[in-house]
Engineer: 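Below is the structure I would like to discuss, written out as C-alpha cells.
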Amino acid sequence: MTDTLTIRRPDDWHLHLRDGDMLRAVLPFTADVFGRAIIMPNLTPPVACAADAAAYRNRIMAALPPRAAFEPLMTAYLTDGTDPDDLAQGHADGIFTAAKLYPAGATTNSDNGVTDLANIHAVLATMERIGMPLLVHGEVTDPAVDIFDREKVFIDRVLKPALEEFSALKVVFEHITTAEGVDFVRSAGANVAATITPHHLVINRNALFAGGMRPHMFCLPVAKRERHRLALRDAATSGEAAFFLGTDSAPHPVSAKETDCGCAGIFNAPSALEVYAQVFDDEGALDKLEAFASLNGPAFYGLTVNEGTVTLKRGERAADTLLTVGDEEVLAFDTGSAVGWRISA
Ligand code: NCD
Ligand code: ZN
C-alpha cells in the first residue's frame, strides 16, 4: 500500500477567488498547493474586458502570501455585448487565457451572461480562429426544464449545435455532473474537455437533504443521482486526457448560505487535493491522480506542466476550516471523516 504520493504541482482549472477581504482570506489555500488556477470572472460587476481582467489580476497578485509561486490565469465574462476584438487583443497580450460562457441566470452572478448564443456568434468565430478556449457553464435556464436535467438538456440544445457550427472551437465543459456529460465529452473530439469538482465525486443529491436542508451542500450545477456520481468517478480516475481538475471552490459568507434563497457554491479549497486523492485511492487509481491534477489540463490549454512537486501522505487531515472574513464567517466543505490523505509540508 502506498503511503506517500508525489506528483507534479497541480493546477486548478476552475476557481472562484472573489475580491477584497474574501480574496485575501481564501487565496492562500489555493496558492499553497496549486501552481496556477483559472480564475472565474463572475464578480459584481463582472470581469468583462481586458482592462478589468488586468486590474483583477493585479489585485490577486497583491493578495498573494509572500514567496508564493502562483499564477492566476484570467478569463473574460462573456456578455451579449462582448467585443471580439477586445477579447482577441486581451488573449494576444496574455491577459485572457480563456472566456467563460454563463447562460444568463444560470448561477451566482450570471445575470449579465449571454441570453442567446446567436448574440456571440462573432465572438465564438474569433475564439475558434485564435484557439482561445471557451469555458461553459453547461446548464439551460429554461424554467420548464427540471433542475436535475438542465445539464443534459444543455448538451442537446446548446453544446452539440454550437460544436457543429464551430467544430474546431476548444471547449471546456466546466464542472460536469452527469453521466451524459461524461459520455458527451468522450464522444467529442480532442478539442472538448471537462473539469470535475471534488464535491461532485463525493456527494450525490441526497447530501442536500440528509436529515434536513443542507445549504452548504448546495452548488450549481446541483449534485445529481448516485449513478452520475459513479460515472464522474470513472471519468476522473480513468487518466483520459479530456478530464482534469477544477475545484469550483466558491466561497460565500455563512449568512448568505443559511438564509432563504441561499447562494449556490461550495468552498472546498482547504481540502480539495486531499479529497481528490482519497477518491483516486478508493478507486485503486492513485497512479492516475497526476494525469488528472497536473498533466491533462496544461496539455489541453497548450501550457507547460508546473515545475516542482506536491507530496501527499496517508494520515488524518486537520479539522475543516471555518474562516473569519471581516465580520462574516465562511465554512469550508465538510469532508466527513473519510479523507485519509494530507499534504506534506
Ligand atoms: C459559483 C459561485 O458561487 O460563483 N457557484 C456554484 O455553485 N458553483 C458559480 C458557478 O460556478 O456556477
Ligand atoms: Zn464555478
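What you are looking at is a predicted structure, and each value in this text was computed from that prediction instead of being measured. Numbering of ligands and ligand atoms starts at 1, following listing order.
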Engineer: Indicate if the distance from the Zn ion (ligand 2) to the nearest N, O or S atom of H14 falls below 2.8 Å.
Structural biologist: yes

Engineer: Return a yes/no value for L220: is any of its N or O atoms, backbone included, closer than 3.5 angstrom to an N or O of ligand 1?
Structural biologist: yes

Engineer: Closer than 2.8 Å to the Zn ion (ligand 2): does that hold for any N, O or S atom in D248?
Structural biologist: yes

Engineer: If the threshold is 4.0 Å, N to carboxylate O, is there a salt bridge linking D19 and R59?
Structural biologist: yes

Engineer: Does the ring center of F148 lie less than 6.0 Å from the ring center of H228?
Structural biologist: no

Engineer: Would you say D248 contacts ligand 1, with heavy atoms under 4.0 Å as the rule?
Structural biologist: yes

Engineer: Determine, considering heavy atoms only, which of G246, P251, A264, C263 sits nearest to atom 5 (N) of ligand 1.
Structural biologist: A264

Engineer: Any idea which atoms of ligand 1 are less than 4.0 Å away from a heavy-atom of C219?
Structural biologist: 7 (O)

Engineer: Which heavy atom of the protein is the closest neighbour of atom 9 (C) of ligand 1, given with residue, atom name and distance?
Structural biologist: T107 OG1, 3.3 Å

Engineer: Counting non-hydrogen protein atoms only, what is the nearest one to atom 1 (C) of ligand 1? Give residue, atom name and distance.
Structural biologist: H16 NE2, 3.6 Å

Engineer: Has H137 got an N/O/S atom less than 2.8 Å from the Zn ion (ligand 2)?
Structural biologist: no

Engineer: Is the shortest distance from a heavy atom of R18 to ligand 1 less than 4.0 Å?
Structural biologist: yes

Engineer: Is the closest heavy-atom distance from M40 to ligand 1 below 4.0 Å?
Structural biologist: no

Engineer: Report yes if K100 has an N/O atom closer than 3.5 Å to an N/O atom of ligand 1; otherwise report no.
Structural biologist: no

Engineer: With a 4.0 Å cut-off on heavy atoms, is H14 in contact with ligand 1?
Structural biologist: yes

Engineer: With L101, which of L135, L124, L134, T82 fulfils side-chain contact (heavy atoms from CB on, under 4.5 Å)?
Structural biologist: L134

Engineer: Is it the case that the ring center of W341 lies less than 6.0 angstrom away from the ring center of Y276?
Structural biologist: no

Engineer: For H137, take its heavy atoms, then give the atoms of ligand 1 lying under 4.0 Å from any of them.
Structural biologist: 12 (O)

Engineer: Kindly confirm or rule out an N or O of G265 lying under 3.5 angstrom from an N or O of ligand 1.
Structural biologist: yes

Engineer: Under 4.0 Å between a Lys/Arg side-chain N and an Asp/Glu carboxylate O for D146 and K152?
Structural biologist: no

Engineer: Is any side-chain N of the basic residue among R314 and E274 closer than 4.0 Å to the acidic one's carboxylate O?
Structural biologist: no

